[in-house]
Amino acid sequence: MNDTRFDPGQADGRWQRAWAEARAFKADSASNKPKSYVLEMFPYPSGRIHIGHVRNYTMGDVLARYKRMTGHEVLHPMGWDAFGMPAENAAMEQGVHPAGWTCQNIATMKGQLQRLGFALDWSREFATCDPAYYGHEQALFLDLYAAGLVYRRQSAVNWDPVDQTVLANEQVVDGRGWRSGALVEKRQLNQWFLKITQFAQELLDGLGELDGWPDKVRLMQENWIGKSQGLQFRFDLTNGDMVEVYTTRPDTIFGASFVAVAPDHPLAEAVAANNCEAAQFIAQCKRGGTTAAELETAEKLGFDTGIGARHPFTGETLPVFIANFVLMEYGTGAIMAVPGHDQRDFDFATKYGLPICRVIAPAGSNPDEPLTEAEPGDGLAVHSGFIDGMTVADARRAVIARAEAEGWGAGKTVWRLRDWGVSRQRYWGTPIPFIHCAACGVVPVPKDQLPVTLPEDIDFATPGNPLVRHPSWKHVACPSCGGAAERETDTLDTFVNSSWYFLRFASQPADRAFDKAEIAAWLPVEQYIGGIEHAILHLLYARFWTRALRHIGLVDVAEPFASLFTQGMVTHETYRSTGNDPRWLAPEEVERRGAEVVEKAGGQPVEIGRVVKMSKSKKNVVDPDDMIARYGADAVRWFMLSDSPPERDLPWSESGIEGCGRFVQRLWRLFGQHSSTVQGTDQALDRQAHKAIAAVGEDIAALAFNKAVARIYELASAVEKAAPSASRSAAIRTLVLLAAPMMPHLAEEAWAKLGEAGLVADAAWPAVDPALLVDDEVTIAVQVKGKLRDTLTVAKGLPQPDLEALALASDKVQRALDGAQVRKVIVVPDRLVNIVA
RNA sequence: GCCCCUGUGGCGGAAUGGUAGACGCGAACGACUCAAAAUCGUUUGUCGCAAGACGUGCCCGUUCGAGUCGGGCCAGGGGCACCA
């Protein structure tokens, strides 16, 4: 091994080909080794791999390679979440076909991933836009339909009247279509829904068992599911009608001073029908913005309907308002308002001069003290008839019991979670496999006619859904009566595609979506890695699909992802030119001159902005391919793992990647010093090497890659400093193996030069000799009153009295004691002595 | 508004209640070189010549001992949001 430089330019590709030829990372479902399924969230083929992908997939790759080395049969697959709007946008803007655009991107990005040397089983690769995938999805959708988990109903969508298209919420900017700028209308369409609410309790309970998930994500899902328990009850109205309200605070029912209904509540609409002031008020409410900032400042507004509501206990008549802060989508769309104990009600009551009455008071406080703001806290019921003196919890139960006994209300659980609307009025998605027949209604496409494929000859020049406009695609015979009928032209939300792809990776028979037994062999995914932005929707939908498929007997697993890891973003400094017309500058447009940063062209000073997530708009991006070309895949991978803990943001820096490139070369030079002839043992180095093996293994298993990296640096430094010995050569071989999951190309090259047989990718993780993990000498900290005064190096296991004597004998200790009386000595064996004077 | 997370050198960050700052980046000095690059070595929390003192956002507490545990603040970041 004479070469002084490792040349990634030729070595990377050579080893990538070697792995491919050996099918080194093909997962064998029939293997009897313990199985490990390592999965990173599959990418949307947007064009090119960005550095965030590199970080994500490097982490998974290190874990997958480590698992292989520790004797596991590893499934580490990759594919493409290939349906979605960017492809349609490209079609409209560039006149290309979404399929062609997508395939091109997949080819580009696959090449990029391969150049990073990821240990992926490419034989299982698929794209969700392939009929071989979405056809099975259609079959699963029909199975769920047959089980009653799919239904259709009217639902509002954002409609862009210029583009003749439905917009996602994110595409509505300030009430206007993002592309056309037209005022967006609400339209009612018949749409498909999945009954996720049927699984609300299960999905909530399941969170409790997901120990391998971050608490933060579990909490976010819990809040999203939003279970609340309360009382739903009826107010009889003075107009002979009645209104149902829902409250989580039945204990405050005696404090109700008015009833409020949502602007789109049927009662409000009935009032508006012959009261144009009411109609105007409702229209005004609907105009109001729904952004956070607008809601923050929005005033509580109401319209007194003149109708009265009879309080079920006091018989008092309460006014009924239409109020802008009541939501039709939650509960019953109507509330009993208790100003004393709800701030919104308080604000409203203050504005409209309604009574504010305290009905809960903290024990021992004066129940007649006036309220200056709503008190949502705990206490005892006051001014509350038969529940006076009860705790909040008792009062709740008592009121619910009375309502149920008297028949005007009942305890009820309400969920924030809504059923999942999966209809999208778009081309580039999975066609929903149904046919609309004038005679037979909605008819499922028979399974032997699946997949329902997308037509290829489409027109994107005209606005609207091309499937609707296509001359022939939707016209089919009804499967039931044979008469003329039309296909459903909606396609499925792309989140459906990503809700079961991890099952298809594990098992891909041709004739069905997956094989139950093969799924059982691989699932649950042992470690799932991805961005926090998927904490709610994707992860909740995937959990729901898995449970729904279990419900209909297709899988046995309940939770798809045993452990979840959400990695941080890759960030970079931003640069802005100075002068009259400041603009963002790319890293390659600027250079450092001492402490200053200037524009390369012209030399004007550059303002250094905040360190933020890499984005094209701020130009603070680096291209993974450029970095691979300059430093090699291993240096890029090493950088992704170094320094920052993986859950935190990683600031990209030019000097950082250069340092990684230098370390690759430094290791290479060190590997070159391996000799199989030199003799002699170096016990200290043996110890250090074995400690490193244990620590790096633990760190990788815990995804603490930054710590594993630091250990490898430490061992490398120690080996460099050590004199030649058999121990040193063994430590060099150990280093090759420890580096193998992180810098696989360098490790393969070194492994071959060391004369080892086979691929290092297939090598076993080095065994740890437990005897070498313990030192025979330890350093003892000697403290006086908790402050460090001295350290002692002593034999391990030295008895406490000896330690105490040695500590007291120390000059530094005596000086610190300064003749004071020793009152107490605390001795922690092999660790520390603390002398208290 | 509610909920959650995070505050440690110039920077990224280590640290089962037990020697704070491992490891990396940066910086300074030195060696090699005609010179540079590369490489190697030394130093690098603050104050201080030193002995030493101080030091993990702030205050209080528990403890022989607190970055770590408890209480109260402050700052930054994130999630949810008129959810009754």
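A note on names: the letters A, B, ... follow the listed sequences, proteins ahead of strands, and every chain is numbered from 1.
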Pick out which of A:Phe303, A:Phe281, A:Phe348 makes a ring-ring contact (aromatic ring centres under 6.0 Å, His included) with A:Phe321. A:Phe348
For atom P, what is the distance between B:G48 and B:A36, given to the nearest Å? 34 Å
Under a 4.0 Å threshold between the charged nitrogen and the carboxylate oxygen, would A:Asp347 count as salt-bridged to A:Arg344? no
N-O pairing of A:Lys796 and A:Asp775 below 4.0 Å: no
Which nucleotide sits closest to the side chain of A:Ser228: B:G18, B:A14, B:A84? B:A84
Salt bridge between A:Arg630 and A:Glu654, side-chain N to carboxylate O under 4.0 Å? yes
Remember a base hit wins even if backbone is also touched, and classify A:Arg218 as base, sugar-phosphate or nothing at under 4.0 Å, heavy atoms. nothing
Among B:A84, B:G12, B:G65, the nucleotide that comes nearest once only the side chain of A:Asn834 is considered: B:G65
Per the atom types in the model, does the base of B:C82 pair as donor or acceptor with the side chain of A:Lys300 at under 3.5 Å? yes
Within the 4.0 Å heavy-atom criterion, would you say A:Gln783 contacts the bases, only the backbone, or no part of the nucleic acid? base
Watson-Crick or G-U wobble partner for B:A31, using a 3.5 Å limit on both distances? B:U39
Does A:Glu720 pair with A:Arg666 as a salt bridge, N-O distance under 4.0 Å? yes
Please measure how far the P atom in B:C11 lies from the corresponding atom in B:G57, and state the result in whole Å. 13 Å
Under 3.5 Å on both distances, the Watson-Crick or G-U partner of B:G76: B:C5
Side chain of A:Met220, heavy atoms from C-beta onward: which of B:C64, B:G79, B:C80 has the nearest atom to it? B:G79
Quick one: is B:C64 close enough that its OP1 or OP2 comes under 4.0 Å of any side-chain N or O from A:Arg823? no
Sort out the partner of B:G17 for me: Watson-Crick or G-U wobble, both distances under 3.5 Å, none otherwise. none
Give me the distance, rounded to whole Å, that separates B:C74 from B:A84 when you measure between the C1' atoms they each carry. 33 Å
Base, sugar-phosphate, or nothing for A:Asp347, non-hydrogen atoms under 4.0 angstrom? nothing
With a distance cut-off below 6.0 Å to the six-membered ring centre and an angular limit of 45° from the axis, does A:Arg5 pair with A:Trp668 as a cation-pi contact? no
Testing B:G52, B:C80, B:C23 for proximity to the side chain of A:Arg815, the answer is B:G52
Return no unless some side-chain N or O of A:Lys787 is found under 4.0 Å from OP1 or OP2 of B:C54. yes
Can a side chain N or O of A:Arg662 be found less than 4.0 Å away from OP1 or OP2 on B:C25? yes
Could you tell me how far B:C54 sits from B:C4 if I compare only their P atoms? Round to whole Å. 37 Å
Closest to the A:Ser655 side chain, choosing from B:C25, B:C23, B:G18: B:C25
Hey, does the side chain of A:Arg344 come within less than 4.0 Å of B:C83's phosphate (OP1/OP2), counting only N and O? yes
As a test of reading the structure: which of B:G18, B:U19, B:C80 is closest to the side chain of A:Thr779, going by heavy atoms? B:U19
Between B:U8 and B:A66, how far apart are the two C1' atoms, rounded to whole Å? 14 Å
Please determine, for the side chain of A:Lys824, which listed nucleotide (B:G24, B:G18, B:C64) has the closest atom? B:C64
Between A:Phe235 and A:Phe233, what is the ring plane arrangement, given parallel below 30°, perpendicular above 60°, and tilted in between? tilted
RNA chain B: 5'-proximal contact among A:Glu647 and A:Lys812 (nearest heavy atom): A:Glu647
Give A:Val326 one of three labels, base, sugar-phosphate or nothing, depending on what nucleic acid heavy atoms sit under 4.0 Å from its own. base
Which ones in residues 330-339 of chain A lie close to RNA chain B, meaning a heavy atom under 4.0 Å from one of its atoms? A:Tyr330, A:Ile335
Pick the P atom in B:U62 and in B:U6, then give their distance to the nearest Å. 26 Å
Side-chain contact check for A:Lys216: nearest option of B:A14, B:C80, B:G78 is B:G78
With syn meaning chi within 90° of zero and anything else anti, the base of B:G9 is syn
Over all strands shown, is A:Ser642 touching base, sugar-phosphate only, or nothing at heavy-atom distances under 4.0 angstrom? nothing
Using the ring of each side chain (for Trp, its six-membered ring), is A:Trp638 parallel, tilted or perpendicular to A:Phe663, with breaks at 30° and 60°? parallel
Applying a 4.0 Å non-hydrogen cut-off, can you work out what A:Ile826 is touching in the nucleic acid: base, sugar-phosphate, or nothing? base
Which whole number of Å gives the distance between the P atom of B:A14 and that of B:A22? 13 Å
Quick one, A:Leu685 and A:Arg728 - any side-chain contact, counting heavy atoms below 4.5 Å? yes
Considering just the side-chain nitrogens and oxygens of A:Arg648, establish if one lies under 4.0 Å of OP1 or OP2 belonging to B:G76. no
Are any of A:Lys707's side-chain N or O atoms less than 4.0 Å away from OP1 or OP2 of B:A15? yes
How would you label the contact of A:Tyr713 with the nucleic acid (heavy atoms, under 4.0 Å): base, sugar-phosphate, or nothing? sugar-phosphate
For B:G65, which nucleotide is its Watson-Crick or G-U wobble mate, given both distances must be under 3.5 Å? none
Under 4.0 Å between a side-chain N or O of A:Arg416 and OP1 or OP2 of B:A84? no
A:Arg666 side chain, from C-beta outward: closest of B:U16, B:C40, B:C82: B:C40
B:A31 to B:G67 separation - P atoms, rounded to the nearest Å: 42 Å
Below 30° counts as parallel, above 60° as perpendicular, anything between as tilted: where do the rings of A:Phe313 and A:His311 land? tilted
Would you kindly give the CG-to-P distance between A:Leu207 and B:G79, to the nearest whole Å? 19 Å
Using atom CD of A:Glu573 as one end and atom P of B:G12 as the other, report the distance to the nearest whole Å. 12 Å
I want to verify a distance call: between B:C25, B:A84, B:C23, whose nearest atom is closest to the A:Glu714 side chain? B:C23
Heavy-atom side-chain contact between A:Val825 and A:Asn834 under 4.5 Å: no
Contact under 4.0 Å: A:Asn223 side-chain N or O vs B:A81 OP1/OP2: no
